[in-house]
Structure formats: structure tokens, C-alpha cells
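Every chain is numbered from 1, with letters handed out A, B, ... down the list of sequences. If you're wondering where the values come from, they're calculated on a predicted model, not measured in any experiment.
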Number of protein chains: 2
Amino acid sequence: MKVKEVADLVGISVRTLHHYDEIGLLKPEQTSEAGYRLYSDHNLEMLQQILFFKELGFPLKKIKEIINRPCFDREEALKFQRKTLVEKRAHIDKMISTIDKTIEHMKGSIEMTNKEKFEGFDFSHNPYEQEARERWGDEAVDKSNAKLASMTKEEQKVMQEEMNALYRSLAALRHTSPESDEAQAAIKKWYTVLNSNFGIHYSLEAFKGLGQMYVDDERFTKSIDQFGVGLAKFMRDAMAYYADNNK
Amino acid sequence: MKVKEVADLVGISVRTLHHYDEIGLLKPEQTSEAGYRLYSDHNLEMLQQILFFKELGFPLKKIKEIINRPCFDREEALKFQRKTLVEKRAHIDKMISTIDKTIEHMKGSIEMTNKEKFEGFDFSHNPYEQEARERWGDEAVDKSNAKLASMTKEEQKVMQEEMNALYRSLAALRHTSPESDEAQAAIKKWYTVLNSNFGIHYSLEAFKGLGQMYVDDERFTKSIDQFGVGLAKFMRDAMAYYADNNK
DNA sequence: TGTTGACCCTCACGTTACGTAATGCCTTAA
DNA sequence: TTAAGGCATTACGTAACGTGAGGGTCAACA
């Protein structure tokens with residue numbers, strides 16, 4: 001599909017699609033010989049995701065990060081969006097009742113505190129931040145993604161392979177004790193790799209926290225357990241032990 | 001109340017209040033000796049209005065125009081906002097059902113057209129424009145308000161008085177024929193005053209349309225009929241006759 | 001085959017609604 | 001009286017496009 005068709009279909013402007021292309025948020029799968037942008041069905045699905053997130057108040061930069069995460073799961077995203085929309089609806093209901101109260105108040109039939117006059121507005125200018133940062137935006141993940149983006153495809157591939165190798169060797173140990181020398185050696189390497197590959201230095205506490213996240217956050221669990229069911233839990237335990245014993 | 005108190009109460013930033021002051025959208029009723037902004041309860045009510053309109057997607061410039069309109073009626077505004085919020089809720093419901101469908105679709109249990117994938121998004125990047133322009137944004141009103149804003153208080157007062165005088169003399173005639181020489185003379189003056197006082201020239205057709213608006217748009221009707229019940233209708237008829245007979 | 005007219009491209013500057021310092025004056029509690 | 005916290009102004013920064021300008025592309029129609 002050409003730009004205008006897409007734009008008309010979803011009700012956004014051509015310029016918007018150009019913009020999304022510019023910032024690398026949605027690049028058309030093909031371009032014709034003449035340089036025309038040609039969008040595929042898969043592009044449309046991504047666009048749907050983008051618009052949903054946008055509706056929820058996410059800035060484009062964050063949306064880009066989210067949908068580019070290796071562990072991005074469309075169904076989970078959709079469920080999250082659904083949930084947030086439901087909350088938003090409740091929010092609107094609150095505003096409606098605030099309006100009703102205000103009208104009553106104007107007619108003098110009821111009293112109203114200043115605080116009540118603004119109920120429904122208390123999304124302190126970051127509508128998405130509350131739960132979103134928990135679920136979709138860990139600082140570390142953000143930074144590592146940024147780092148990832150700055151690497152060439154080749155570098156990314158090399159790094160990915162290095163990390164996969166580590167995952168595999170850890171997976172092999174996952175039914176042994178996370179406190180064994182072998183496991184701890186592997187986890188130490190894991191710690192070193194994380195610290196050297198991404199632009200950040202994990203404190204031991206943060207490292208421990210990260211391990212906890214591996215089991216708390218389904219998305220991580222899912223992508224880690226690909227290397228062996230139970231790996232995420234094993235890593236959490238090993239990481240916690242490592243952190244506690246190297247202070 | 002000082003800025004930060006207000007900001008905290010309604011959940012917006014201090015900068016936002018500064019901004020609203022800068023652009024003349026919400027000027028604090030008082031300023032302390034030291035130059036501190038001091039907001040009154042009335043300011044808070046206005047702020048509530050502003051935030052409601054903002055929630056509905058109105059640009060600040062438009063909001064400023066709306067709440068500065070001489071015929072601005074808070075209760076009517078609140079009812080409009082309520083109605084629009086209800087629509088917005090329906091909109092969200094549509095998006096939720098789109099998400100549900102998409103999830104079903106992913107699982108392969110149902111088919112889905114490209115169009116269906118974007119239902120709920122079709123607010124062609126001007127959520128408010130549709131009905132809003134009808135109800136809140138006549139081009140002429142906009143322009144005249146802009147003109148009004150550029151006038152000094154004194155000039156405004158003089159002009160207002162001139163127009164009121166005309167309203168009164170028209171009101172006196174409202175039970176006679178709108179086609180009489182007297183009525184037509186008064187209407188001619190009305191036409192001249194409108195054309196000279198505001199930055200625009202009404203064509204005869206537009207003038208006729210304006211008359212129609214006086215009865216179609218409650219807000220106009222209300223503020224006009226203050227000078228005498230039925231004046232709006234009388235003016236519409238007189239204006240139509242004037243327009244038709246001076247081509 | 002030539003010529004519209006609708007669509008496409010890439011600059012590139014404009015706009016809205018604030019964010020984010022920097023710098024310096026109030027004010028109030030310790 | 002001094003340190004902390006709030007306030008003011010000035011001014012540059014940012015996000016997400018809007019809005020032309022200048023110039024190819026492509027299918028249809030004369």
C-alpha cells in the first residue's frame with residue numbers, strides 16, 4: 001500500500017507516516033523503484049500497535065523502544081493496552097461526574113471543595129508513567145536498547161551470540177544448585193558481560209534486582225526460559241547469591 | 001493561592017500556569033507586591049474550564065477565544081463537555097472491542113479486514129473539530145474576537161456601547177414589520193457597524209447567514225434576547241430582507 | 001503521444017505547549 | 001541571620017508534526 005492509502009485507512013496524515021519513517025519508528029517494508037514507500041500488512045499491524053500506545057500517551061521515542069525490544073510480545077501489549085483503556089474510561093467517568101457535580105454546584109444545590117473540582121485531572125502530566133515504567137520501561141532496558149541501537153548489525157549479532165552462549169551454559173546448570181562454584185562462575189561472567197556490553201554499570205544491588213525482574217516480568221521470563229524452562233528462576237537465585245556474597 | 005498550591009491541587013506544572021499567564025489564557029486575579037501570582041477561586045473555575053476543553057483536544061488559542069466570548073455560558077460549556085466526554089467514552093469502547101477482535105484474530109479464530117483493525121482511530125486528527133466548529137467556532141466570531149482582543153479596554157467599552165445602543169433601538173421595533181423602512185434603516189446601520197468594527201467584511205450572503213445563526217445558535221439567541229424576547233428572530237428576518245433587497 | 005491531475009519524494013522552516021536551566025529576589029522557620 | 005524553599009523573568013530546547021517549495025511519477029484521457 002502507498003502512503004496515502006494507509007493514511008486514509010487509519011485516519012492519520014501522510015506527514016505523520018513520513019515522520020515515523022524519519023525517526024525509524026515505522027519504516028515501510030519496501031520502497032518502489034521511484035522511492036515510493038510501500039507498506040505491508042505487517043507494517044499495518046505495527047502501526048496499529050504504535051497508535052494504541054500513542055493513544056495511551058506514550059511518547060514516540062518510548063514506543064520505538066518498546067516495539068523494538070527483543071522480548072516484545074504483541075498479545076501481551078494488546079492486553080496491557082486494553083487494561084489501560086479500561087482505566088482511561090474510568091477516568092472519563094470520573095470527569096463526567098465531576099462535571100455533573102459542578103453543574104449542581106453552580107445551581108447552588110451542593111457544596112464542593114476545590115479538590116473535588118479537579119477530580120479526574122490528577123494524571124500528573126504523565127498519564128502512562130505510573131504502571132508503565134514498571135511494566136514497559138526499566139531504566140536499564142532503555143539504556144541497553146539505546147546502546148544496542150548505536151551498534152552495527154554485525155556488532156549486535158556478535159553480542160547476541162555471546163549472550164546466547166552464556167544463556168545456554170547457564171541453562172545446562174539450571175537443575176544444579178545456584179550456589180555452586182560452576183553456577184557462580186557463570187553468573188560472574190554474566191555480570192561482567194552486562195556491564196561491558198551496555199553503557200551502564202550495574203551495582204550489585206541492581207544486579208540482584210534485575211534477577212528478580214527476570215521472574216517477575218513475564219516478558220523476561222518468557223524470553224529467558226526459551227533456553228530451558230526454569231532458567232529465569234535459576235538465574236534469579238544465582239544472581240541474588242552472587243550479589244550477597246561479593247559485597 | 002500561590003502558583004505551586006494551584007499546580008499541586010490540579011496536577012499541572014507551575015510552568016504551565018506561567019505559560020497560561022504569558023499567553024493571556026489565565027491571568028491571576030491579583031499579584032502580590034513582590035510580583036507573586038495570586039489565584040482566586042474564580043481563577044480556579046476558569047482553570048477547570050480550560051482543562052476540560054484541553055482534555056477534549058482544543059488548542060489553547062481556541063480555548064482562549066471561547067472563554068472570552070461575551071456570550072460564553074459556563075453551564076452550556078459544561079454540558080457540551082459532558083456530551084463530548086460521553087462520546088469519547090464510546091470511542092474508547094470501540095477501541096477496546098477492536099483490541100479484543102485483534103486478539104481473537106491473532107489466535108486465528110476470526111477474520112479481520114484492514115479497516116476493522118483501525119476502528120476507533122478515525123478521529124481524523126481533529127477530535128474536536130466536527131461538532132465544535134458548529135457550536136464553538138464560527139470563523140466570523142473568531143476574527144471579531146481577535147479584533148476585540150487587539151483593542152484597548154476603552155475602545156472595547158465604546159464599541160460595546162455603540163452596539164448595545166443599536167440592539168436597544170432594534171429591540172424597540174421588534175414587534176413591527178422587519179421590512180419597514182425604520183427596521184431596514186437600523187439593520188443597515190447594524191451591517192455598517194459590523195463591517196467597520198471588526199476586521200472582516202460581511203458579504204450580503206454572509207450577513208444573511210449570520211442572522212440565521214442568531215436564532216439557530218442558542219448562545220447568540222440568549223445574549224441577543226436579553227434586549228428583548230424575540231429580538232433574535234426579528235433581526236434574522238430583517239437581515240434576510242435587507243440582504244435580498246440590496247443585491 | 002502528449003498532457004493533465006493526483007500522488008509521490010525530499011528539504012526545510014514554522015508551530016504548539018510546554019520542559020529545563022540560569023540567575024536573582026522573597027520569605028520564613030531555625 | 002542565614003539557609004532552604006518558593007517565586008519571577010529570560011531564554012533556549014524539545015516533540016510531533018504542519019505547511020509550503022521545488023520537482024519527479026504514473027495512470028488516464030484526449
For A:T16 and D:dA16, is the shortest distance between a side-chain N/O and OP1 or OP2 below 4.0 Å? no
Starting at CG of B:L26 and ending at P of C:dA17, how long is that distance when rounded to a whole Å? 15 Å
Whole-Å distance between D:dG18 C1' and A:I12 CD1? 14 Å
Which nucleotide in the set D:dA16, C:dG19, C:dA17 lies at the smallest distance from any side-chain heavy atom of B:H19? C:dA17
Toward the 5' end of DNA chain D, by each residue's nearest nucleotide, A:S32 or A:R15: A:R15
Between the protein and nucleotides 8-10 of chain C, list every N/O to N/O distance that falls short of 3.5 Å.
from, atom 1, to, atom 2, distance (Å)
C:dC8, OP1, A:K4, N, 3.1
C:dC9, OP1, A:R37, N, 3.1
C:dC9, OP1, A:R37, NE, 2.7
C:dC9, OP2, A:H18, NE2, 2.8
C:dT10, OP2, A:R37, NH2, 2.2

Whole angstroms only, please: what is the NZ-C1' distance between A:K61 and D:dC17? 17 Å
Whole angstrom is fine here: how far is it from CD in B:E22 over to P in D:dT10? 9 Å
So, is B:K64 near the phosphate of C:dA17, with a side-chain N or O under 4.0 Å from OP1 or OP2? no
Can A:K27 and A:E22 be counted as an ion pair, charged N to O under 4.0 angstrom? no
Salt bridge (Lys or Arg N to Asp or Glu O under 4.0 Å) contacts touching residues 35-47 of chain B (sequence neighbours left out): B:D21-B:R37, B:E45-B:R74
B:T102: which of A:Q81, A:R82, A:Q48 passes side chain to side chain donor-acceptor pair (under 3.5 Å): A:Q48
Can a donor-acceptor pair be found, under 3.5 Å and without considering hydrogens, that links the side chain of A:K88 to the backbone of A:E55? yes
Among B:L17, B:L47, B:L60, find the residue that satisfies the side-chain contact (heavy atoms from CB on, under 4.5 Å) test when tested with B:L25. B:L60
Send over the distance from A:F53 CZ to D:dA16 C1', rounded to a whole Å. 18 Å
In whole angstroms, how far is the P atom of D:dC26 from the CG atom of A:L38? 11 Å
Residues A:K79 and A:E75 bridged, charged N to O under 4.0 Å: yes
Side-chain ion pair, B:R89 and B:D93, N-O less than 4.0 Å: no
Is A:S13 close enough to D:dG18 that one of its side-chain N or O atoms is under 4.0 Å from OP1 or OP2 there? yes
Can you tell me if A:Y20 touches the phosphate of D:dC17, counting only side-chain N or O atoms and a distance under 4.0 Å to OP1 or OP2? yes
Atom CD1 of A:I50 and atom C1' of D:dC17 are separated, to the nearest Å, by 15 Å
Could you check how far NZ of A:K62 sits from P of D:dA16, rounded to whole Å? 12 Å
